[in-house]
Amino acid sequence: MQNGARAQNGWQPLEQSYSLSDVQHAIQSTAHWHPYPNVADTAGLYRIPVAIRQAYIHAAEKFLPASWDSLPASLFLEFSENGNRSHYEAISFHRREQLATLVLAELFERKKRFINDIVNGIWAICEESFWGVPAHMYLQGNPHELPDVAHPVIDLFAAETAQELAWTYYLLKPELDAVSPLIAQRIQYETVRRIFIPYMQHDDWGYLGFRWRAHPQTTERVNNWNPWINSNVLAAALLLAPDSLRMRVIYKTMQSIDNFVMPYPADGGSDEGPEYWDRAAGALLDYLELLSSASNGKLHAWHQPFLHNMGRYICKMYISYPYFVNYGDADAKYHPDPALVYRFGKYTGDSLLMQFGAYLAGKEHFGETLLPYRFGVLNRALFALTILPELSSIPPREPLFRDVWLPDLQIMVARSDSGSVHSFYLAAQAGNNGKSHNHNDVGNFIVYVDGHPVLVDAGAQTYTAATFSSQRYQIWNNQSSYHNLPEINGVMQQAGKQFRVTDVHYFADAQQARLSMDIAHAYPDSAGIDRWRRTVALIRNQCVKLTDAYRLRYWKAPMIENFLTPLRPVVASDGRVYLQDTVHKQSFVLETSSREFRPVVDTIRIQDGDAVQLPSGKITRNGRMYHIWGDHLYRVRFIQQGKQMQGQVVFLITRLESKR
């Protein structure tokens with residue numbers, strides 16, 4: 001490693017373990033690498049469950065004759081004109097999903113019934129000006145323009161497209177050649193031009209991590225883009241790269257992957273949240289398994305204990321199906337890939353991960369019909385198809401840890417009893433506001449009871465141009481006042497690593513678990529905070545207790561304590577707020593003993609995504625947040641009535657016992 005970059009988590013860099021010469025000797029030729037059954041491998045195909053094979057054939061039949069909707073320039077320009085990225089992405093992603101379905105159907109049936117539609121799909125995709133999406137045109141330096149085809153760049157979906165075409169080439173090349181040898185040649189030509197040559201020419205793309213390597217103290221570490229792209233580039237290179245580029249591309253992906261893993265938190269946690277585990281730790285696993293397979297096990301990272309922490313993170317963030325601890329842009333409801341969870345456990349020798357994969361497979365009916373992949377359809381589906389028999393034989397198990405503390409991310413998780421989803425569950429975070437996919441949420445916490453949400457983090461809305469722009473913190477759900485956090489002197493938290501907690505203390509025993517921190521530095525100086533000690537505690541099987549002890553330098557606006565909930569709040573005359581869970585027939589009380597605060601309730605309308613009319617005539621929405629919470633959430637605001645500049649306020653969240 002150059003310029004002082006070091007792994008603080010115990011990761012032994014691939015670049016230090018293997019030289020370019022090692023790679024050249026270890027990687028099999030494309031002619032000899034046979035990772036999955038292809039159209040010529042009749043025996044191998046019959047090892048795939050018949051129900052899966054039939055499901056793909058039936059799904060592909062519904063596409064016939066397949067249409068490949070156009071992607072006009074005007075649709076591409078919508079992102080710069082009005083911020084909408086969903087319309088272009090819907091057609092682009094559908095093209096790839098449809099192609100993958102047709103490819104697998106042809107692979108399983110082998111009657112050439114789908115081949116002409118596959119050829120049309122390949123040709124349509126090869127003729128696209130850009131394999132990525134409009135929101136990522138900043139990589140070309142012209143975020144408000146059409147793509148410059150003379151200067152190809154690699155974003156997430158350009159890399160995804162490369163691997164999909166590469167696996168199509170691998171699985172069906174004899175059938176493609178029977179139509180015309182120019183089809184396979186076109187796939188290779190476009191992938192060399194759009195992927196391999198630019199990949200070797202650029203060290204300046206931030207996601208590759210070479211800037212971090214050169215300046216580790218001053219440059220942000222890379223996020224999930226790195227393994228997501230590198231795993232796809234590796235797959236494409238193994239299958240399509242010409243000899244003049246193949247080994248150099250593979251070795252550079254190893255160097256770039258090191259740049260992702262070396263600064264990763266030693267506790268294995270993702271600062272982007274559990275939903276991004278799939279394309280961070282999960283994509284790293286994709287990468288390592290491909291590398292091992294292509295080298296006959298000679299290039300691997302099995303011995304790296306740190307990988308175990310990365311895998312276990314997804315178990316530690318599990319609340320109760322389908323809920324996971326969420327922060328930043330992650331969603332509260334998450335459906336991890338069961339095969340990926342199982343594979344991670346198998347790679348690291350973790351039986352709990354393997355059993356959790358089996359549990360998720362049962363809940364999702366995974367392997368009974370089409371595999372539910374949207375991105376990397378072939379990359380992930382081919383991995384999954386090979387392990388379905390193993391996955392179905394594993395006894396399922398939920399990972400219900402009583403207590404979790406991630407010291408690097410400064411996230412705590414606590415449930416009332418180990419192995420049980422019943423009673424109170426608490427997750428809280430400290431940290432800073434400079435995370436990838438950041439929300440201004442230092443000191444936020446969530447509360448579930450019996451596995452159901454009581455106090456929540458709203459998560460992210462459907463992405464638009466504003467999501468990753470200077471307008472990011474004008475979006476309500478990214479602001480601290482729409483989290484379970486105080487608004488102080490009329491001021492909210494700000495974004496950036498400098499806005500952080502200090503003096504963090506975590507404690508857990510048989511009676512309680514708590515996290516305490518000073519959140520004063522998460523707010524700008526204009527908030528006038530001298531000290532703000534926040535302590536959030538789970539009193540097992542009884543309640544969740546929040547204590548804010550504060551001292552201000554001056555008073556200019558009432559303090560407001562905010563609480564976000566999907567449950568209907570009813571404010572009582574004594575100042576208590578009853579949170580009514582009508583679905584599960586129970587209620588909770590949110591209260592404070594302080595007479596300084598008066599509660600008011602806001603209804604937050606959720607209107608992300610596009611409006612969609614159902615056959616019944618009802619209007620719904622296809623937005624990301626809408627799918628989690630429906631058309632509204634509530635914000636309970638306890639507003640200070642006096643001008644106290646120091647004191648302590650305590651809130652309790654308890655269950656209202658029903659009368660028998």
With rounding to the nearest 0.5 angstrom, report the [atom1] to [atom2] distance, [X] to [Y].
| X | Y | atom1 | atom2 | result |
| --- | --- | --- | --- | --- |
| D337 | I314 | CG | CD1 | 11.0 Å |
| D155 | W205 | CG | CH2 | 9.5 Å |
| Y287 | N232 | OH | CG | 12.0 Å |
| I27 | W33 | CD1 | CH2 | 8.5 Å |
| I125 | N120 | CD1 | CG | 11.0 Å |
| T219 | F210 | OG1 | CZ | 13.5 Å |

Test of ring centre spacing under 6.0 Å for [X] and [Y]:
| X | Y | result |
| --- | --- | --- |
| H335 | F324 | no |
| Y36 | W167 | yes |
| Y463 | F468 | yes |
| F93 | F157 | yes |

Over-ring placement of R380 relative to F366, 6.0 Å and 45° cut-offs:
no
Evaluate salt bridge (Lys or Arg N to Asp or Glu O under 4.0 Å) for E275 paired with R624, printing each intermediate quantity in order.
CA-CA 13 Å; E275 189 172 5; R624 177 176 173 179; 3.1 Å; yes
Which pair of non-hydrogen atoms, one from [X] and one from [Y], has the smallest distance, and what is that distance?
| X | Y | answer |
| --- | --- | --- |
| E15 | Y251 | CG-OH, 3.4 Å |
| D331 | Y334 | O-CB, 4.5 Å |
| L360 | V341 | CD1-CG2, 4.0 Å |
| F383 | L290 | CZ-CG, 4.0 Å |
| K346 | E390 | NZ-OE1, 2.8 Å |
| A237 | V249 | CB-CG1, 3.8 Å |

For the pair [X] (side chain) and [Y] (backbone), establish whether a donor and an acceptor sit closer than 3.5 Å, ignoring hydrogens and angles.
| X | Y | answer |
| --- | --- | --- |
| R85 | F79 | no |
| Q28 | S293 | yes |
| S92 | Y88 | no |
| Q140 | H151 | yes |
| R95 | I91 | no |
| Q98 | S67 | yes |
| S180 | L176 | no |
| R53 | I48 | yes |
| Q163 | A236 | no |
| N622 | G609 | no |

[Y] and [X] aromatic ring geometry - parallel, tilted or perpendicular at 30°/60° bounds:
| X | Y | answer |
| --- | --- | --- |
| H300 | W302 | parallel |
| W225 | Y207 | tilted |
| Y359 | F356 | parallel |

Go through the steps for Y169 and L165 under the test side-chain contact (heavy atoms from CB on, under 4.5 Å), then give the verdict.
CA-CA 6 Å; Y169 177 103; L165 292 176; over 6 Å; no
Considering only NZ, NE, NH1 and NH2 on the basic side and carboxylate oxygens on the acidic side, decide whether [X] and [Y] come within less than 4.0 Å.
| X | Y | result |
| --- | --- | --- |
| R96 | E160 | no |
| K252 | D203 | yes |
| R279 | E272 | no |

W277/F344 under side-chain contact (heavy atoms from CB on, under 4.5 Å): CA gap, chis, key distance, verdict:
CA-CA 11 Å; W277 177 88; F344 218 119; 3.7 Å; yes
Using only heavy-atom distances, determine whether the side chains of [X] and [Y] contain a donor-acceptor pair under 3.5 Å.
| X | Y | result |
| --- | --- | --- |
| D258 | W11 | yes |
| S231 | D286 | no |
| S256 | N259 | no |
| N379 | Y373 | no |

Could you check whether atom [atom1] of [X] has more than 12 heavy atoms from other residues, nucleotides or ligands sitting under 6.0 Å from it?
| X | atom1 | result |
| --- | --- | --- |
| H202 | NE2 | yes |
| D204 | CG | yes |
| H32 | NE2 | no |

If we only count heavy atoms from C-beta on, is the Q304 to L288 side-chain gap below 4.5 Å?
no
Report the C-alpha separation of H87 and D610 in whole Å, then their side-chain angles, then the decisive distance to 0.1 Å, and conclude whether the side-chain contact (heavy atoms from CB on, under 4.5 Å) test is met.
CA-CA 10 Å; H87 297 156; D610 296 320; 3.1 Å; yes
